[in-house]
Enquirer: 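Below are the structure tokens for one structure; questions will follow.
When reading the values below, keep in mind they use all heavy atoms of this one structure, side chains included, and skip hydrogens, waters and symmetry mates. Here is the naming used below: chain letters follow the sequence lines, and residue numbers restart at 1 for every chain.
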There are 2 protein chains.
Amino acid sequence: MAIIVQKFGGTSVANPERIRNVAKRVAKNFDQGNDMVVILSAMAGVTDSLIHLAGQMADSPDRRELDVLLATGEQTTAALLAMTLKSMNYPAVSLLGYQAEVVTDHNYSNARILDIGASRIKEMLEKRNIVVVAGFQGTDAEGNITTLGRGGSDTSAVAIAAALKANVCEIYTDVDGVYTADPNVCSKARKLDKISCEEMLEMASLGAKVLHIRSVEFALKHNVTVYVRSSFNEEEGTMVINGDHDMERPVVSGITYSKNEARITLKKVPDQPGIAAKIFSPIADAKINVDMIIQNTRAEGQTDLTFTVPKTEFKKALDIERKVAEQIGAEQVLGDENIAKVSVTGIGMKSHSGVALKMFDCLAAENINITMISTSEIRISCVVEEKKAELAVRVLHTAFGLDREE
Amino acid sequence: MAIIVQKFGGTSVANPERIRNVAKRVAKNFDQGNDMVVILSAMAGVTDSLIHLAGQMADSPDRRELDVLLATGEQTTAALLAMTLKSMNYPAVSLLGYQAEVVTDHNYSNARILDIGASRIKEMLEKRNIVVVAGFQGTDAEGNITTLGRGGSDTSAVAIAAALKANVCEIYTDVDGVYTADPNVCSKARKLDKISCEEMLEMASLGAKVLHIRSVEFALKHNVTVYVRSSFNEEEGTMVINGDHDMERPVVSGITYSKNEARITLKKVPDQPGIAAKIFSPIADAKINVDMIIQNTRAEGQTDLTFTVPKTEFKKALDIERKVAEQIGAEQVLGDENIAKVSVTGIGMKSHSGVALKMFDCLAAENINITMISTSEIRISCVVEEKKAELAVRVLHTAFGLDREE
């Protein structure tokens, strides 16, 4: 008899009819003799409505109280699913974050799970209950309600699966798995049967649409097998595997892109020790994440410095750097929002050389200019013109042999 | 410095604008140096919407899960008020039932408060916080969420006031106090400055529109002073006073009526020992409350037996008694839904005789026929034809000198 943790996202519980479908799916697994723990998100749209409501009360709502408010969304769906199962004559009980002993840090709205006691869940499972847990929420050490940030129910599910040593954590969502590329951009994208946690992390821009990235980190750390599949059909999904089980993995698993970044360039910066700190400290102080950085040394003791920030922080970062440029005597500050980052990811790259070269050649052949490059052990990313991002994805998808066979 | 508990009902927190008004009222009391504890209901209509939603999931929703669902209503308003106060730069914190240590029995949907720890509330007050508590909810000894039944937030407020030994428990509602009669029926009704808890309990049909009856029982038992007033104006309300402070109280405080009952008569019941048990046991087994009972002895060892039940239980009670009548050999079962109970209530009756006589005379003078009578120490109730209830209220109101001076 297996312990199965199933998580259903907001679109999967968006209305009574869909909640009934979830109940039937859970009941089927229970009838097969499995111990069932179900983690739910709020109904699609509810969290946004609650944030809107909070916005009517305060320009910048107190984060503790916002979490108390947002936690009602998952409380609602958990109660509704449990009462649906009960009305179908299945033993079921809902548990909120604090009842399931999901202990987090104090960081309201974006809390991290520190520990899951899970003694109540285990007790309920021993009594052969289907345990329905409100996702996205926990409590800090003082018993204040916290939430885990957008997509946090995935992390709730993986963390509870880890605490229970569950056989599998199934994430039911509105897509039917992880693809080699966004199918909306690349019609030849294939669904992957398997992907490693490491690849999933590197494919953040793609992965974030399917799995909360922090949940993948959790799966990697606690050795949880995650299975992503659709709640709207019975198709096989994608297994997110921990460790190096599969030796015959392809060199490249997927092509991703992101349009969420913008670029800032400081021209003719005096090339002196400590200058980088002067440029990046105020950005860090403003809690803006810098992703890629390149530096081109010019003649005459001057250098050009280029970096990327999230597009949402672009204006703020540009204002900061204009002041910095005055202070340090840089000639000019340029900004560009019309960029995209295209990435090739694959755990097989570790043992195969030539991937970067192939990527550059392929983009050059299509006249796609590369303006920045960054790499990790299993990923190569290039910044290109925003309008060429989709084309870049398609040509790379073909070049690395990922196209679906017709 | 006083400890003031304020409770705001659903219409008082029905939308963001009204929640802001509540915040201003609370802040004003806080600025005057008082320790403030605020208890909130759900927004008007929300509890009904949630019950409707539950009804879409199950014909008869599991009561434990229904309580988990309903508890979100007060959680929402508590968070919204606390964040509004914070945005106005007041220190505020919301507490849910379990955080405020409201311990109840296991009776989901209609739980009774057993104990209030209130250590967290006291701790927060000591730090000069405005403490906002979600009303209507608690947890049982196992930590399951319970709710207190319709109007239960009043009881939350009075119980918390008792636990804190608060100076006053102010109940803000959409009426501006307790009246000598329903002003919709009797245009000359006057607002009472004061009323005793005992009278309030006896005036249940009137009182229930203003205060949850269980909260008055709680106030009586724990010696809490309750002050009922409107949240929509600054007018003085009605003080519900515990004990016999005021010696000059009028003989009669109010005239009330109720159309929520129906009458059942068993004709020609064999007058044998044990017959009453045979008639009322099946009613009790069906958990139907019997209010008034009268028995008219006829000739020939037969008797007629008449009693009243809540109108909502009328059909069920009638079916039960038809079976009973067959078993015991009663001749006929009659039912009448078109009745009303009119009551005269006043703690001064204890020391004044003649109230009953005056009531009967007054009704007779208007050709209003009395079919059943019941009395308590401070109340006399008569059953009359439903269509004459309002008339009865008005003539009694005048006869007992309650009319407002023009």
Enquirer: Heavy-atom distance under 4.5 Å to chain B: side chain of A/L81, backbone, both or neither?
Expert: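 Looking at A/L81, nothing touches chain B.
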Enquirer: Identify the heavy atoms of A/I288 and A/P310 that sit nearest to each other, and give their distance.
Expert: CG2-CD, 4.2 Å
Enquirer: Relative to chain A, which of B/L50, B/L96, B/I19, B/V93 shows the most heavy atom pairs under 4.5 Å?
Expert: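 Between B/L50, B/L96, B/I19, B/V93, the count favours B/V93.
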Enquirer: Give me a line-by-line list of donor-acceptor atom pairs from chain A to chain B that are under 3.5 Å apart, or tell me none exist.
Expert:
from   : atom 1 : to     : atom 2 : distance (Å)
A/R20  : NH1    : B/Q56  : O      : 2.8
A/Q56  : O      : B/R20  : NH1    : 2.8
A/R64  : NH1    : B/S94  : O      : 3.0
A/R64  : NH1    : B/S94  : OG     : 3.3
A/R64  : NH2    : B/S94  : O      : 3.1
A/E65  : OE1    : B/S94  : OG     : 2.5
A/E65  : OE2    : B/S94  : N      : 3.0
A/V68  : O      : B/Q75  : NE2    : 2.9
A/Q75  : NE2    : B/V68  : O      : 2.9
A/S94  : N      : B/E65  : OE2    : 3.0
A/S94  : O      : B/R64  : NH1    : 3.0
A/S94  : O      : B/R64  : NH2    : 3.1
A/S94  : OG     : B/R64  : NH1    : 3.3
A/S94  : OG     : B/E65  : OE1    : 2.5
A/Q99  : NE2    : B/G143 : O      : 2.8
A/R120 : NH2    : B/N144 : OD1    : 2.9
A/G143 : O      : B/Q99  : NE2    : 2.8
A/N144 : OD1    : B/R120 : NH2    : 2.9

Enquirer: In Å and rounded to the nearest 0.5 Å, what is the CD1 to CG distance from A/I3 to A/L125?
Expert: 6.5 Å
Enquirer: What part of A/A71 gets closer than 4.5 Å to chain B, counting heavy atoms only: side chain, backbone, both or neither?
Expert: both
Enquirer: Which atoms of A/L70 are under 4.5 Å from chain B, going by heavy atoms: the side chain, the backbone, both sets, or neither?
Expert: neither
Enquirer: List the residues meeting side-chain contact (heavy atoms from CB on, under 4.5 Å) with B/A159, not counting sequence neighbours, and say none if there are none.
Expert: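 Only B/I113, B/I116, B/F218 meet the side-chain contact (heavy atoms from CB on, under 4.5 Å) criterion with B/A159.
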Enquirer: Closest heavy-atom contact between B/L148 and B/A111?
Expert: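 Looking at all heavy atoms of both residues, the shortest contact is CD2-O, 3.5 Å.
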Enquirer: Tell me, for A/V132 versus chain B, whether the close heavy atoms (under 4.5 Å) come from the side chain, the backbone, both or neither.
Expert: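 Neither part.
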Enquirer: Applying side-chain contact (heavy atoms from CB on, under 4.5 Å), name anything that partners B/A54, two or more places apart in sequence or on another chain.
Expert: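 Partners of B/A54 under the side-chain contact (heavy atoms from CB on, under 4.5 Å) test: A/M83, B/P61, B/L66, B/L69.
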Enquirer: Tell me the closest heavy-atom pair linking B/V13 and B/M43, and the distance in Å.
Expert: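 Of all heavy-atom pairs spanning B/V13 and B/M43, the closest is O-CG, 3.1 Å.
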Enquirer: Rounded to the nearest 0.5 Å, how far does CD1 of B/I121 lie from CG of B/L95?
Expert: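 Answer for the CG-CD1 pair, B/L95 versus B/I121, is 6.0 Å.
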Enquirer: Select, from B/P16, B/A58, B/A82, the one with the greatest count of heavy-atom pairs under 4.5 Å involving chain A.
Expert: B/P16
Enquirer: Is there a side chain to side chain contact (heavy atoms under 4.5 Å, CB included) between A/F30 and A/L85? Walk through the geometry before answering.
Expert: CA-CA 11 Å; A/F30 180 81; A/L85 285 163; over 6 Å; no
Enquirer: Output every pair passing ring pair (Phe, Tyr, Trp, His ring centres under 6.0 Å) with a member in residues 111-138 of chain A, not counting sequence neighbours, ordered by first then second residue.
Expert: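 For residues 111-138 of chain A, and leaving out neighbouring residues, there are no ring pair (Phe, Tyr, Trp, His ring centres under 6.0 Å) pairs at all.
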